[in-house]
Each structure stands twice: as C-alpha cells, then as structure tokens.
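Each remark here refers to the structure printed beneath this line.
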Amino acid sequence: QRILDSGPRSQGSDYKSCMLEYFNWYIEDRYRKGTMENTTHKTYHKIRKAIMKGVQREFKSDTFPFEWLKDKEALRKLEDVLRRDVSGRLFRAKRTASNYLSVLKVVVGNWAESMDVNDLGRFNRLHIDWSRLEMSKARVLTDDELNKLRAYQPQGVLFKQNSSKSMFLFSIASSGQRVVDVITLRTSSFKPGFKILYKVKKTKNDYEVDLNYEIMEALRFVYPEFYEEACSSVLVSNTEVDIQDMYRLVAQEGF
C-alpha cells in the first residue's frame, strides 16, 4: 500500500525505471531498427496507450515503476487494467485481455533481461481472472450449422438471400476474409493460377487466397460463368486435376 500511495513520478520516469516509458522506448527502438512491422508498431502503441490510461485510472499515477510488479496489490490492480478497456467497460473477448498481457510480458521480460533482473516471479505468474470477465456473445458455428447453411435454398421473395449466403460462405472459405474485403473485391482480383489477390482494408497488407472448392461453390451465384470455367479443371504442374480432387489435395500435409 505504501508503494501504491507513493504518488506520481516519485520513482522516476526514465525508461530504465518506469514501465510505461520503457514500453514506448521498446516499441520505437525496434521500429527504428526495422525489426517491427508498421502494423505491429501501431498495435503495440495502442496497447501501451490503453495500459497507460488504465494505470492513471487505477493507480492515480502517470508512471509505473518496475518495482511495483513485485507488490501483490499492484498486480491485482494491474490485472484490472488489463481486464478492462480505457473507458472502464469490460472486454467482450478473453483474447483481447490475453493479448495485452502477452505483449506486456514480452516488454517487461526484455527489460528484466537487459537489467539482469530475475526476481519478478509474481508478475511472470500473473494470469487474468476470467471469472470476472464478461463473456463474448459471439460463438463459433458448428459443422452441422455450416452444412445447413450450405444446403439452404431460399425461394421466392427470399431468393436474394443467396448473395448473403454466398458472401458468408466465401468469407469462411477464404480464411476468414472480412466482409468489407469481400464486398470490395473486383473481377481484377481474380488472377491466373486460380488465386485471389487483394489488399486488406484494415492493415493495408497484400493478401493471397487460393481458390478451393468451397470458394467456387460460394462464387457460383455471383460469377456463374467464372465458376463453370474454373470448375472444369485446374492445372497442377503438368497434370489436370478436377476441382473437387484439388480441394482434397491442398488439405494434405506437405502439398
């Protein structure tokens, strides 16, 4: 409690003594050296800012001295910081809090190694208390549910639902493409060699997806002529393989 009541900046604010300052130094140092990609750089800064605001809220301090990681009460408050977002609402997914904790452990671990510190045992054993975490309302669809969706054939006024059905199945088949990426695809995205090349809207990274049987089935309602052409055969080296067999082949290890 004495540590927690010590007040802002009482323990110093340079990157060697303050976790928040070191976090910033760690990110910029790796980005400057070219060992951290631009998207990772932005993600780490997002996590750092969220933790910084959480520390200000929970600890009433602008700094977080590394010594606090040895204090049991400080770790309990730090868990609340990781478990909640900056506005105080609970995370909707365990993964978010878990990712924050993983990144923080990497940063602190790097500091401990460079400072030759090996007595942060309590922090290394810190785990999020999931029982206090709001559970996500989203869930993974089962195989049976996906099969029902594949077999669903809307009739009459509901016939336009085929487009939504195809878009959803296409997103799943293409390694979970975001809907915003699916709806902005153009015919120019479909390249020779039966691949889809596109730029991810969120990260601006180029991405490549192989056309498998699932994708072709989903495309059938959108590009029927393209579907017929692609499903006739697929060229693999010098051997023509039927698209259904191709789908089985690409799932094999080492193919």
Side-chain angles (χ1 to χ4, degrees), residues 1-134 136 200 202-205:
Q1 192 62 39
R2 176 183 58 79
I3 294 176
L4 298 177
D5 293 339
S6 58
R9 301 199 178 280
S10 60
Q11 302 292 327
S13 60
D14 64 281
Y15 77 97
K16 292 183 179 180
S17 61
C18 173
M19 184 178 73
L20 297 175
E21 293 289 338
Y22 184 82
F23 207 148
N24 185 67
W25 176 88
Y26 174 91
I27 299 170
E28 294 305 323
D29 179 64
R30 271 146 190 76
Y31 186 63
R32 186 172 57 253
K33 291 178 179 178
T35 57
M36 179 178 285
E37 293 184 357
N38 185 49
T39 52
T40 307
H41 177 258
K42 291 180 179 179
T43 300
Y44 270 50
H45 266 303
K46 177 182 178 182
I47 294 174
R48 181 191 65 84
K49 289 178 181 178
I51 292 176
M52 180 179 67
K53 290 186 177 182
V55 166
Q56 292 171 341
R57 182 186 69 240
E58 296 290 338
F59 293 85
K60 305 298 187 288
S61 172
D62 294 326
T63 65
F64 192 101
F66 282 102
E67 287 77 10
W68 288 10
L69 296 176
K70 303 175 186 178
D71 184 80
K72 186 176 181 181
E73 180 64 16
L75 288 179
R76 187 191 66 77
K77 284 195 173 186
L78 183 60
E79 180 192 340
D80 285 338
V81 170
L82 295 167
R83 194 168 48 84
R84 295 171 180 269
D85 64 15
V86 294
S87 63
R89 295 172 299 171
L90 294 174
F91 282 124
R92 285 183 287 176
K94 292 181 180 181
R95 184 176 60 185
T96 308
S98 180
N99 286 348
Y100 277 39
L101 177 59
S102 297
V103 168
L104 189 58
K105 283 187 174 183
V106 167
V107 173
V108 173
N110 187 273
W111 170 85
E113 183 177 331
S114 63
M115 300 293 289
D116 197 24
V117 176
N118 54 18
D119 59 346
L120 295 178
R122 276 205 186 103
F123 174 73
N124 291 331
R125 292 192 296 272
L126 177 63
H127 297 283
I128 301 298
D129 181 4
W130 300 123
S131 64
R132 302 164 61 197
L133 187 70
E134 179 181 313
S136 171
V200 180
K202 181 177 180 181
T203 63
K204 307 303 181 185
N205 291 337

Quiz item: Nearest 0.5 Å, what's the OH-CD distance between Y44 and E37?
Solution: 11.5 Å
Self-check item: From NZ (K42) to CD1 (I47), nearest 0.5 Å
Solution: 15.0 Å
Exercise. Taking all non-hydrogen atoms of both residues into account, name the closest pair between V55 and V81 and its distance.
Key: N-CG2, 4.0 Å
Quiz item: Are R76 and E79 close enough for a salt bridge, meaning some N to O gap below 4.0 Å?
Solution: no
Quiz item: Does T63 reach the main-chain N or O of P65 with its side chain, forming a donor-acceptor pair under 3.5 Å?
Solution: no
Quiz item: If you round to the nearest 0.5 Å, how far is CE of M52 from NE2 of H45?
Solution: 10.5 Å
Practice problem: In plain terms, say whether D29 and R32 are close enough for a salt bridge, that is, a side-chain N and a carboxylate O under 4.0 Å apart. | Solution: yes
Quiz item: Is it the case that S17 and D14 place a side-chain donor and acceptor less than 3.5 Å from each other?
Solution: yes
Quiz item: When rounded to the nearest 0.5 angstrom, what is the spacing between CH2 in W68 and CD in E73?
Solution: 12.0 Å
Quiz item: Would you say T43's side chain and T39's backbone share a donor-acceptor pair under 3.5 angstrom?
Solution: yes
Quiz item: When the ring centroid of W111 is compared with that of Y26, is the distance short of 6.0 Å?
Solution: no
Quiz prompt | Spacing of K105 atom NZ and L82 atom CG [to the nearest 0.5 Å] | solution = 10.0 Å
Exercise. Mind running side chain to side chain contact (heavy atoms under 4.5 Å, CB included) on L75 and K72 for me, showing each step along the way?
Key: CA-CA 5 Å; L75 288 179; K72 186 176 181 181; 5.8 Å; no
